[in-house]
Trainee: 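This is the structure, below, for whatever I ask next.
Because the structure is a prediction, the values reported are computed rather than measured.
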Amino acid sequence: MTRSGPTTFDPLATAQTTLNSPLARILAARILQDGPIAFREWMETCLYHPEHGYYRRGRPTVGRDGDFLTSPEVHPLFGAAVGHVAIDLWRQLDSPATFRVAEVGPGTGTLAESMLRHIHGAAPECAERIEYTTVEPDDRAAQAQNDRLEVIHKVHRIHDVSELNAPQQLIVANEVLDALPVHRLRLMGGTWKELLVDYSSADGFHDVAADVCERSLLEPLAAIDPAEGQIVEVAPSRAAMARSLANSIADEGLLLLFDYGYSRDRLYAPWRRDGTLMTFRRHVPGVDPYVHPGERDITAHVDIDQVQAAAQAAGLVPLPALSQSEWLHQLGAAVFPAVAEAHADTAAYLSARRASETLTDPAGLGRIAVMGFTRGAMEPLPGWMRS
């Protein structure tokens, strides 16, 4: 007597322990059928798959109920800082009747809420002029943002930057570029190789080296002195995004970007042997992007030189590069009174005090890069040193 069973071997059926998310099985099947994929494709699928992608599942990603904390979630102080800059910009532009502001990647809507509340309170005449647009491709996230913001300010939502129907005086993006997919390269025997993602039932998802087919990936690495075995991340899509945002700035306006990142000499320093790729799940950082695909955030630091070059090519002028700690401290006179004013309420005071320390901590959120770019003749904006 023989035991009946499948007539063909199914490699996925032997590896259920490694296929620990719905997306894992999809990716494994794709790789087994078509061969290894670029890490850029892996990261893009893990984050943006229409059903199982990390940012498309309809579950909290940001905040205390999510997997990581961003500056707007810490305290309204951050949104107030951005709002203060917006008010100054509007006044410098001679208080236009329509002040177009766009936010890319608005997340939970926390930044927009705190920013708009600050503007409504500090400069209601400016608030009345604001045409606020959110750039959000996900319908569920957009609905949640609208529900949160509709009691404060009318907000118009679009899916992509290309849908902006008029130049914007201010565009803000907080931790957007570091979520764009990256290629991973490794120096092997003095030659850069691209790390692809392969799969087998024995080894699960793993790196495999291949020749670099897109020579443009090597351009950012031309002037660095890497160490043998060093891994780096390269993201051409970030230059394209920065260029698109810059091209959407009006004849006079500001592009304001916040992201973890470094100039090229620091980002690709030889001691940074494993690159900057990180994952986050339930506020626990990790370094293995192949565990629970689609159920954890994947991020890599931004090449600031790349962003600056793209913005300048679109005609914008970079403001002095600052860390978030430096930027907020230079804004302190305008923003941090909220800490002192909370003295009548001990709990509010302590909350604001802790928030200011968290937002400016050089070992944490304070090291985020603040990248500002202007078009048109303007006086120095709040947060940047006045000469």
Trainee: Between D207 and R184, is the closest basic N to carboxylate O distance under 4.0 Å?
Mentor: yes
Trainee: Do F78 and T358 come close enough that some side-chain heavy atom pair is under 4.5 Å?
Mentor: no
Trainee: Tell me, yes or no, whether the heavy-atom count around D251 atom CG, taken from other residues, nucleotides or ligands under 6.0 Å, exceeds 12.
Mentor: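 Open: at most 12 neighbouring heavy atoms sit under 6.0 Å from CG of D251.
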Trainee: Any non-hydrogen side-chain atom of L218 less than 4.5 Å from a side-chain atom of L185?
Mentor: yes
Trainee: Would you say the side-chain atoms of R117 pair up with the backbone N or O of I152, donor to acceptor, closer than 3.5 Å?
Mentor: no
Trainee: Enter the distance from L149:CG to K154:NZ here, rounded to the nearest 0.5 Å.
Mentor: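 With rounding to 0.5 Å, CG (L149) is 14.0 Å from NZ (K154).
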Trainee: Treating R375 as the side-chain partner and A314 as the backbone partner, does any N or O pair qualify as donor plus acceptor under 3.5 Å?
Mentor: yes
Trainee: Where do Q308 and S263 land on the side chain to side chain contact (heavy atoms under 4.5 Å, CB included) test, with the steps shown first?
Mentor: CA-CA 10 Å; Q308 287 187 334; S263 57; over 6 Å; no
Trainee: Walk me through whether R238 and V182 qualify under side chain to side chain contact (heavy atoms under 4.5 Å, CB included).
Mentor: CA-CA 9 Å; R238 290 176 179 167; V182 300; 3.6 Å; yes
Trainee: Nearest 0.5 Å, what's the CG-CG distance between L245 and L177?
Mentor: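 If I round to the nearest 0.5 Å, the distance is 7.0 Å.
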Trainee: Between the side chains of E194 and H183, does any donor sit under 3.5 Å from an acceptor?
Mentor: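 Their side chains do contain a donor-acceptor pair, which is all the 3.5 Å distance test asks for.
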Trainee: How long is the straight-line distance from CG of D305 back to CG of D265, given to the nearest 0.5 Å?
Mentor: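 So the gap between those two atoms works out to 7.0 Å.
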Trainee: To the nearest 0.5 Å, tell me how far L27 CG sits from W42 CH2.
Mentor: 5.0 Å
Trainee: Could you verify whether a donor N or O on one side chain and an acceptor N or O on the other, from S323 and S325, lie under 3.5 Å apart?
Mentor: no
Trainee: So, Q330 side chain and P382 main chain: donor-acceptor pair closer than 3.5 Å or not?
Mentor: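 The answer is no, because no donor-acceptor pair under 3.5 Å joins these two groups.
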Trainee: Look at the side-chain heavy atoms of Ile, Leu, Val, Met, Phe, Trp and Tyr, link any pair under 4.5 Å apart, and say whether M241 and Y48 land in one connected group.
Mentor: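 No: no chain of side-chain contacts under 4.5 Å links M241 to Y48.
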Trainee: For a quick test of reading the model, state the closest non-hydrogen atom pair linking E136 to G107 and the distance between them.
Mentor: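 Closest pair (atom of E136, atom of G107, distance): OE1-N, 4.3 Å.
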Trainee: How long is the straight-line distance from CE of M378 back to CG of L93, given to the nearest 0.5 Å?
Mentor: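 If we round to the nearest 0.5 Å, L93:CG and M378:CE are 5.5 Å apart.
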Trainee: If you compare all heavy atoms of A246 against all heavy atoms of L316, which two are closest, and at what distance to 0.1 Å?
Mentor: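 For A246 and L316, the tightest heavy-atom pair comes out as CB-CD1, 3.5 Å.
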Trainee: Identify, with sequence neighbours excluded, every residue that meets side-chain contact (heavy atoms from CB on, under 4.5 Å) alongside A122.
Mentor: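 Expected list: I87, H118.
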Trainee: Between H292 and R281, is there a donor-acceptor pair closer than 3.5 Å when you use the side chain of the first and the backbone of the second?
Mentor: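 Pair absent, no side-chain N/O of H292 close to backbone of R281.
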Trainee: Heavy atoms, side chains only, cut-off 4.5 Å: are R100 and T98 in contact?
Mentor: yes
Trainee: Just checking, any donor-acceptor pair under 3.5 angstrom between side chains of S71 and Q324?
Mentor: yes
Trainee: Just by distance, no angles: are the side chains of E73 and T108 close enough, under 3.5 Å, to form a donor-acceptor pair?
Mentor: yes
Trainee: Start with the C-alpha gap between D211 and K193, add the side-chain angles, then the distance that decides, and say whether side chain to side chain contact (heavy atoms under 4.5 Å, CB included) holds.
Mentor: CA-CA 5 Å; D211 291 338; K193 298 287 186 179; 2.5 Å; yes
Trainee: Can you check side chain to side chain contact (heavy atoms under 4.5 Å, CB included) on W327 and W384, steps first, answer last?
Mentor: CA-CA 7 Å; W327 183 71; W384 284 268; 3.4 Å; yes
Trainee: Going by heavy atoms in the side chains, are H156 and I158 under 4.5 Å from each other?
Mentor: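 A side-chain contact exists here, since the closest heavy-atom pair is under 4.5 Å.
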Trainee: Would you say that more than 12 heavy atoms from the other residues, nucleotides or ligands in this model lie under 6.0 Å from the CG of D274, or not?
Mentor: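 Incorrect, the count does not exceed 12.
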Trainee: L254, I130: one ILVMFWY side-chain cluster at the under-4.5 Å cut-off?
Mentor: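 As far as the 4.5 Å side-chain criterion goes, I130 and L254 are connected within one cluster.
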Trainee: Taking a hydrophobic cluster as the set of Ile, Leu, Val, Met, Phe, Trp and Tyr residues connected by side-chain heavy atoms closer than 4.5 Å, whether directly or through intermediates, do I231 and L217 fall within one such cluster?
Mentor: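 Unlinked, I231 and L217 end up in two clusters.
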Trainee: Can a donor-acceptor pair be found between the side chains of E175 and Y260 at a distance below 3.5 Å?
Mentor: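 Y260 and E175 do not have a side-chain donor-acceptor pair below 3.5 Å.
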Trainee: For residues D297 and T299, is any side-chain donor paired with an opposing acceptor at under 3.5 Å?
Mentor: no
Trainee: Sub-3.5 Å donor-acceptor pair from the side chain of D361 to the main-chain atoms of E357, do we have one?
Mentor: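 A pair under 3.5 Å: no.
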Trainee: What distance separates R296 CZ from F280 CZ, expressed to the nearest 0.5 Å?
Mentor: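 With rounding to 0.5 Å, CZ (R296) is 10.5 Å from CZ (F280).
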Trainee: Is the closest side-chain heavy-atom distance between T279 and D288 below 4.5 Å?
Mentor: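 No, their side chains stay 4.5 Å or more apart.
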Trainee: Answer yes or no: is there an ion pair linking R91 with E125, defined by an N-O contact shorter than 4.0 Å?
Mentor: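 Result for this pair is yes, salt bridge flagged.
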Trainee: Show the nearest heavy-atom pair for residues E295 and S21, with the distance to one decimal.
Mentor: OE2-CB, 3.5 Å
Trainee: Within the distance-only criterion (no hydrogens, no angle test), does the side chain of R272 pair as donor or acceptor with the backbone N or O of R266 below 3.5 angstrom?
Mentor: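 Judged by distance alone, yes, a pair lies under 3.5 Å.
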Trainee: Does R354 have any side-chain contact (heavy atoms from CB on, under 4.5 Å) partners at least two apart in sequence or in another chain, and if so, which?
Mentor: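 Applying side-chain contact (heavy atoms from CB on, under 4.5 Å) to R354 gives L350, S351.
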Trainee: So, the side chain of E214 versus the backbone of V212: is there a donor-acceptor pair under 3.5 Å, distance only?
Mentor: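 Between the backbone of V212 and the side chain of E214 there is no qualifying donor-acceptor contact (under 3.5 Å).
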Trainee: For L23 versus G294, what's the shortest heavy-atom pair and its separation?
Mentor: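 Smallest heavy-atom distance, with atoms named: CD2-CA, 3.9 Å.
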Trainee: Do any N or O atoms from the side chain of E326 and from the backbone of L322 form a donor-acceptor pair under 3.5 angstrom?
Mentor: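 Absent.
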Trainee: Does a donor on one side chain sit under 3.5 Å from an acceptor on the other, for Q143 and D139?
Mentor: no
Trainee: Do V307 and D259 come close enough that some side-chain heavy atom pair is under 4.5 Å?
Mentor: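 SC-SC contact between V307 and D259 ruled out.
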Trainee: Taking all heavy atoms of A227 and all of L187, pick out the closest pair and write down the distance.
Mentor: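 Scanning both residues completely, I find the closest heavy atoms to be O-CD2, 3.6 Å.
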Trainee: Establish whether I171 and V82 are linked, either directly or via other cluster members, by ILVMFWY side-chain heavy-atom contacts under 4.5 Å.
Mentor: no
Trainee: Side chains of V101 and M115: does their closest heavy-atom pair fall under 4.5 Å?
Mentor: yes
Trainee: Can you find a heavy atom in the side chain of T45 that is under 4.5 Å from one in the side chain of E41?
Mentor: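 T45 reaches E41 side chain to side chain.
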Trainee: Give me the ring orientation class for Y290 and F205: parallel if the planes are under 30° apart, tilted from 30 to 60°, perpendicular past 60°.
Mentor: tilted
Trainee: For residues S114 and G79, report the shortest heavy-atom separation together with the two atoms involved.
Mentor: OG-CA, 3.2 Å
Trainee: For residues 218-234, which residue pairs pass the side-chain hydrogen bond (donor to acceptor under 3.5 Å, both in side chains) check, not counting sequence neighbours?
Mentor: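 Applying side-chain hydrogen bond (donor to acceptor under 3.5 Å, both in side chains) to every pair that reaches into residues 218-234, excluding sequence neighbours, yields E233-T276.
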Trainee: Ring-plane angle category for W90 and F99, please: parallel below 30°, perpendicular beyond 60°, tilted otherwise.
Mentor: tilted
Trainee: Determine, using the 4.5 Å side-chain heavy-atom cutoff (strictly less than), whether L277 and W192 are members of one ILVMFWY cluster.
Mentor: no
